[in-house]
Amino acid sequence: MKKLLVITLTLFFSVVFNGFSQSTASSDFYAGKWEIAVAGTPRGDIVFKTNLTRKDGKLTGELVTDDTKRPITKIEESDKKLVIYFESSQAGEISIDLDKIDNNTLKGALMSFEANAKRVKE
């Protein structure tokens, strides 16, 4: 009976400690400074600068161009994809859909326009 109790407790604590030791996917991969270039828009090529920060477990920030600041309304993220939503003065809420290429590059689209994002190294 004593051996059964010891074996049961050992298995229980092994499972508990193993569960705590596993980490989730890097939740801060997208956090940091990014430059998002959108090519071929009616206003010409646009470069958004952003500093994505994590608040209460969610990414947030704003998209800044030379003449405007647009708050990000929502961000959806996964291991391989980032979707940034913001309000456009002409089209309402729109999104920039970006796929992870490597640790410093994302590629995708804003509506039908090509978008490329590069991590800004400090």
Side-chain angles (χ1 to χ4, degrees):
M1 185 71 169
K2 209 174 198 183
K3 285 184 179 182
L4 181 61
L5 180 63
V6 170
I7 291 171
T8 304
L9 286 174
T10 304
L11 284 173
F12 173 75
F13 285 115
S14 296
V15 169
V16 169
F17 289 129
N18 189 31
F20 285 122
S21 68
Q22 293 179 1
S23 62
T24 59
S26 175
S27 61
D28 284 343
F29 172 79
Y30 297 112
K33 293 182 180 180
W34 292 88
E35 235 179 48
I36 305 168
V38 181
T41 73
R43 292 182 51 206
D45 295 347
I46 298 173
V47 176
F48 293 109
K49 294 179 183 177
T50 188
N51 185 12
L52 300 178
T53 56
R54 192 165 301 280
K55 291 184 182 173
D56 300 325
K58 296 183 178 184
L59 284 175
T60 186
E62 60 185 10
L63 298 172
V64 179
T65 62
D66 290 336
D67 57 349
T68 61
K69 287 184 181 181
R70 299 184 186 277
I72 294 172
T73 57
K74 178 173 67 170
I75 295 179
E76 296 173 357
E77 62 179 308
S78 68
D79 289 342
K80 297 183 181 188
K81 188 169 183 95
L82 179 70
V83 182
I84 300 172
Y85 294 88
F86 66 97
E87 289 290 329
S88 165
S89 60
Q90 298 163 346
E93 186 177 68
I94 58 175
S95 66
I96 304 173
D97 298 47
L98 299 164
D99 296 315
K100 181 179 173 182
I101 303 300
D102 60 38
N103 286 338
N104 296 310
T105 309
L106 307 172
K107 189 171 190 171
L110 181 145
M111 297 171 71
S112 62
F113 306 107
E114 183 180 326
N116 293 296
K118 293 190 186 282
R119 186 182 304 274
V120 176
K121 296 185 180 184
E122 298 179 38

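Note that the structure is a prediction, hence the values are computed from the model and not measured. In what follows, residues are counted from 1 in the order of the sequence shown.
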Discussion item. Grouping I, L, V, M, F, W and Y whenever their side-chain heavy atoms are under 4.5 Å apart, do Leu106 and Val64 come out in a common cluster?
Written reply: no
Item to complete: Report the distance from atom NZ of Lys80 to atom CD1 of Ile101, rounding to the nearest 0.5 Å.
Response: 11.0 Å
Worksheet, complete the sentence: Nearest heavy-atom contact between Lys55 and Thr60 is CD-CG2, 3.9 Å
Fill in: Cluster link Val120 to Leu63, ILVMFWY, side chain under 4.5 Å
no
Item to complete: Could you walk me through whether Leu82 and Ile75 pass the side-chain contact (heavy atoms from CB on, under 4.5 Å) test, one step at a time?
Response: CA-CA 7 Å; Leu82 179 70; Ile75 295 179; 3.5 Å; yes
Fill in: Pair Leu52-Ile72, side-chain contact (heavy atoms from CB on, under 4.5 Å): steps then yes or no
CA-CA 9 Å; Leu52 300 178; Ile72 294 172; 3.7 Å; yes
Worksheet item: Is it true that Ile96 and Ile94 fall in one hydrophobic cluster, defined by side-chain heavy atoms closer than 4.5 Å?
Response: yes
Worksheet entry | Reported OG1-to-CG distance for the pair Thr53 and Asp28, which is rounded to 0.5 angstrom | 10.0 Å
Worksheet, complete the sentence: Minimal heavy-atom distance between Pro42 and Phe113, with the atoms involved, is CD-CZ, 3.7 Å
Discussion item. Under the criterion side-chain contact (heavy atoms from CB on, under 4.5 Å), I'd like the reasoning laid out for Phe48 against Leu110: C-alpha separation, chi angles, the key distance, then a yes or no.
Written reply: CA-CA 12 Å; Phe48 293 109; Leu110 181 145; 4.3 Å; yes
Worksheet item: Applying the 4.5 Å side-chain criterion to the ILVMFWY set and letting contacts propagate, would Met111 and Phe86 be lumped into a single cluster?
Response: yes
Worksheet entry | Full working for side-chain contact (heavy atoms from CB on, under 4.5 Å) between Glu114 and Lys107 | CA-CA 8 Å; Glu114 183 180 326; Lys107 189 171 190 171; 4.1 Å; yes
Worksheet item: Between Arg119 and Asn103, is there a donor-acceptor pair closer than 3.5 Å when you use the side chain of the first and the backbone of the second?
Response: yes
Worksheet item: Counting only heavy atoms not in Asp56, do more than 12 sit closer than 6.0 Å to its CG atom?
Response: no
Response to the item:
So OG of Ser78 and OH of Tyr30: to nearest 0.5 Å the spacing works out to 5.5 Å
Worksheet entry | Separation between NZ of Lys49 and CD of Glu62, rounded to the nearest 0.5 Å | 13.0 Å
Worksheet item: Would the number of heavy atoms belonging to other residues, nucleotides or ligands and lying under 6.0 Å from CG of Asp102 be above 12?
Response: yes
Worksheet item: Where the side chain of Thr41 meets the backbone of Arg43, is there a donor-acceptor pair that is under 3.5 Å apart?
Response: yes
Worksheet entry | Shortest non-hydrogen contact between Ile36 and Ala117, atoms and distance | CG1-CB, 3.8 Å
Discussion item. With a sphere of 6.0 Å drawn around NZ of Lys81, does it hold more than 12 non-hydrogen atoms of other residues, nucleotides or ligands?
Written reply: yes
Worksheet entry | Backbone of Tyr85 reached by a side-chain donor or acceptor of Thr73 within 3.5 Å | yes
Worksheet item: Do Val83 and Trp34 belong together in a cluster built from hydrophobic side chains that touch within less than 4.5 Å?
Response: no
Worksheet item: What is the distance from atom OG of Ser88 to atom CZ of Arg70, rounded to the nearest 0.5 Å?
Response: 5.5 Å
Item to complete: List the atom of Ala115, the atom of Val38, and the distance in Å for their closest heavy-atom pair.
Response: CB-CG2, 4.2 Å
